[in-house]
Amino acid sequence: MEYTQLGRTGLKVSRLVLGTMNFGPQTDEADSHAIMDAALDAGLNFFDTANVYGWGENKGRTEEIIGNWFAKGGDRRDRTVLATKVYGNMAADGEAWPNHDKLSAVNIRRAVDASLKRLRTDHIDLYQFHHVDRDTGFDEIWQAIDVLVQQGKILYAGSSNFPGYKIAQANETAARRGGTIGLVSEQCLYNLAERRAEMEVIPAAREYGLGVIPWSPLHGGLLGGVLKKEVQGGRRASGRAADTLADPAGRARIQAYEDLLDKHGLAPGEAALAWLLTRPGVTGPIVGPRTAEQLDSALRAVELELSDELLAGLDEIFPGPGPSPEAFAW
């Protein structure tokens, strides 16, 4: 496994991030524990979750599964860089009592204590804001985070799904307050098929020293060999992947992508992950395996070296927006 610094921090993390969103809803506790053991054995030390994972009446279940895994001992917690998130409404019926969601100081305080209890740990390494809270100013947010850092409950703060201007606003507020390190990472939707983050989010993250953690690196399975699996009678596309394939031009683009990788003898999903590892500012993509086999496939991506010819071919099929601001200003 390869390691890098998380943004401008001294924290060393693996170039792949283990996403746990499937733990509970699609992968039972025993298999989830086996996947986490295999990830740690392979050197993958960066695990990502969120308080809402488990969804519906089972919100928080994923954190509980991870907490039960930590409780098995064997230095599991000490060897893991643990990231979770706050923002979501934790009410099972979707009707949040006032101040029981988003990023008010009172909800941050409540949410972190609840996550610590579920995770069965005394601290969270990276505490991430799952979404922008338009009703709460960053002075209040940083005040709450500063208290948690002083209490030893969290070490770093990060963002998720933030636009570039909010990254700037958050870190300028932190700098003005003094003594607050500010955001150290941004978790955003970024992959070959969805490159809009290159316009503002990634430039802002790099300017402020944030590590970039792409989620949905295969764009809902679209970049994982979906057409070949379709022919072989495998799992049918859904969500973003199905929407793209319903469009003839989108389907043709994915066919060209799979043909290009077949020419180079590469598995589409592994190549899509490897491409993200070549992108400036990217710390590591989040992989969310449902099975141990899917984890093995993701781990192989770290060892792939993509040729200049292949990278150029991928850019032809999935052109990015170009440098910012020239792409939209000139």
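In this chain, numbering begins with 1 at the start of the sequence shown. Heavy atoms only: backbone and side chains are in, while hydrogens, waters and symmetry mates are out. Everything quoted here is computed from the prediction, not taken from an experiment.
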Evaluation steps, side chain to side chain contact (heavy atoms under 4.5 Å, CB included), between Tyr190 and Val201
CA-CA 10 Å; Tyr190 183 39; Val201 175; over 6 Å; no
Take Trp69 and Phe47 through the test ring-ring contact (aromatic ring centres under 6.0 Å, His included) and record every step on the way to the result.
CA-CA 12 Å; Trp69 180 72; Phe47 291 14; 5.5 Å; yes
Working note: Leu18 + Phe46, criterion side chain to side chain contact (heavy atoms under 4.5 Å, CB included); need CA distance, chi angles, decisive distance, verdict.
CA-CA 6 Å; Leu18 181 69; Phe46 196 6; over 6 Å; no
Walk me through whether Glu63 and Ser115 qualify under side chain to side chain donor-acceptor pair (under 3.5 Å).
CA-CA 7 Å; Glu63 287 188 331; Ser115 284; 3.0 Å; yes
From CA spacing to verdict: side chain to side chain donor-acceptor pair (under 3.5 Å), Asn68, Glu64
CA-CA 6 Å; Asn68 292 340; Glu64 290 176 349; over 6 Å; no
CA sep, side-chain torsions, deciding dist, call: Leu103, Glu140, side chain to side chain contact (heavy atoms under 4.5 Å, CB included)
CA-CA 9 Å; Leu103 302 179; Glu140 177 179 346; over 6 Å; no
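Side-chain contact of Asn45 with Arg79: a donor-acceptor pair under 3.5 Å is absent, judged by distance alone. Inspection of the Glu270 and Ser297 side chains reveals an N or O donor paired with an N or O acceptor under 3.5 Å. A donor and an acceptor atom, one from each side chain of Trp275 and Asn191, are nowhere located under 3.5 Å apart. No hydrogens or angles considered: nothing links the side chains of Asp146 and Gln150 as a donor-acceptor pair under 3.5 Å. When only modelled atom types and interatomic distance are considered, Lys153 and Tyr127 share no side-chain donor-acceptor pair under 3.5 Å. Side-chain contact, Gln128 with Tyr87: no donor N or O sits under 3.5 Å from an acceptor N or O.
Remark: the backbone N or O of Tyr208 is paired with a side-chain donor or acceptor of Arg8 at under 3.5 angstrom. With hydrogens and angles ignored, the 3.5 Å screen pairs a side-chain donor or acceptor of Thr20 with a backbone N or O of Asp48. Using modelled atom types, no side-chain atom of Thr180 and backbone atom of Ala174 make a donor-acceptor pair closer than 3.5 Å. Distance alone, capped at 3.5 Å, is enough to place a donor-acceptor pair between the Arg15 side chain and the Thr283 backbone. Between the side chain of Thr62 and the backbone N or O of Gly24, no donor-acceptor pair lies under 3.5 Å. With Ser14 contributing its side chain and Leu16 its backbone, the two residues share a donor-acceptor pair below 3.5 Å. With Lys229 contributing its side chain and Gly224 its backbone, the two residues share a donor-acceptor pair below 3.5 Å. Of the possible donor and acceptor atoms, none in the side chain of Glu186 sits under 3.5 Å from a partner among the backbone N and O of Gly158. Lys85 places a side-chain N or O within donor-acceptor distance of the main-chain N or O of Thr49, the cut-off being under 3.5 Å. Panel note: side chain Ser216, backbone Leu189; no donor-acceptor pair is recorded below 3.5 Å.
In Lys72, the NZ atom is crowded: over 12 heavy atoms of neighbouring residues, nucleotides or ligands sit closer than 6.0 Å. Within a 6.0 Å sphere centred on CG of Asp247, heavy atoms belonging to other residues, nucleotides or ligands number more than 12. Atom CZ of Arg76 has more than 12 heavy atoms from other residues, nucleotides or ligands within 6.0 Å. By the 6.0 Å contact criterion, CD on Glu305 is open, its count of non-hydrogen atoms from other residues, nucleotides or ligands being 12 or less. Around CD of Glu207, the count of heavy atoms belonging to other residues, nucleotides or ligands within 6.0 Å does not exceed 12. Counting non-hydrogen atoms of neighbouring residues, nucleotides and ligands closer than 6.0 angstrom, the CD atom of Gln5 exceeds 12 such neighbours. Counting non-hydrogen atoms of other residues, nucleotides and ligands closer than 6.0 Å to CZ of Arg196 gives a total of 12 or fewer.
The minimum heavy-atom distance linking Gly288 with Gln294 is given by the pair O-OE1, 4.5 Å. Of all heavy-atom pairs spanning Ala272 and Leu223, the tightest one is CB-CB, 4.0 Å. Minimum interatomic distance between Pro203 and Ser324 (heavy atoms only, all atoms of both residues): CG-CB, 4.3 Å. In this structure, Ile167 and Ser159 approach most closely via the heavy-atom pair CG1-OG, 4.3 Å. Here the shortest heavy-atom pairing between Ser32 and Thr27 reads OG-O, 3.3 Å. The shortest non-hydrogen separation linking Glu95 to Ala91 is O-CB, 3.4 Å.
The pair Arg77-Asp125 counts as a salt bridge, with a side-chain nitrogen and a carboxylate oxygen less than 4.0 angstrom apart. Ion pairing between a basic and an acidic side chain is recognised when a charged N comes within 4.0 Å of a carboxylate O; Asp31 and Arg290 show no such pairing. Ionic pairing of Arg61 and Glu29 is present here: one or more N-O contacts between side-chain nitrogen and carboxylate oxygen are shorter than 4.0 angstrom.
The cluster map of Ile, Leu, Val, Met, Phe, Trp and Tyr, joined by side-chain heavy atoms under 4.5 Å apart, puts Leu44 and Val302 in the same cluster. Placement of Val112 and Trp142 within a single hydrophobic cluster is found when ILVMFWY residues are connected by side-chain heavy-atom separations under 4.5 Å, directly or transitively. Tyr3 and Val81 are members of different hydrophobic clusters when ILVMFWY side chains are connected at heavy-atom separations under 4.5 Å. No path of Ile, Leu, Val, Met, Phe, Trp and Tyr side chains, each step under 4.5 Å between heavy atoms, connects Met21 with Val287, placing them in separate hydrophobic clusters. Transitive grouping of hydrophobic side chains (ILVMFWY, heavy atoms separated by less than 4.5 Å) keeps Val106 and Val147 in distinct clusters.
At a threshold of 4.5 Å between non-hydrogen side-chain atoms, the residues Leu299 and Leu295 count as touching. Contact check for Ser185 versus Val212: no side-chain heavy atoms found under the 4.5 Å cut-off. Using a 4.5 Å heavy-atom threshold, the side chains of Lys228 and Asp262 count as touching. Proximity of Asn107 to Arg110: side-chain heavy atoms (C-beta onward) are separated by under 4.5 Å at one or more points. Taking 4.5 Å as the limit, every side-chain heavy atom of Arg176 sits out of range of all side-chain heavy atoms of Phe138. Within the 4.5 Å cutoff, no side-chain heavy atoms of Leu210 are placed close to those of Val184. Between Glu198 and Arg279 there is a side-chain heavy-atom pair separated by less than 4.5 Å. Using a 4.5 Å heavy-atom threshold, the side chains of Ile66 and Thr84 count as separate.
A distance of 8.5 Å separates NZ of Lys166 from CG of Asp133, quoted to the nearest 0.5 Å. Distance check, rounded to the nearest 0.5 Å: CG of Leu245 to CG of Leu227 gives 5.5 Å. With rounding to the nearest 0.5 Å, the separation of CG in Leu148 from CG in Leu155 is 11.0 Å. A distance of 4.5 Å separates CZ of Phe70 from OG1 of Thr80, quoted to the nearest 0.5 Å. Annotation: the span from His264 atom NE2 to Leu304 atom CG amounts to 12.5 Å, rounded to 0.5 Å. Atom CG of Asp101 is separated from atom NE2 of His130 by 13.5 Å, given to the nearest 0.5 angstrom.
Between Phe318 and Tyr257, the distance from one ring center to the other falls under 6.0 angstrom.
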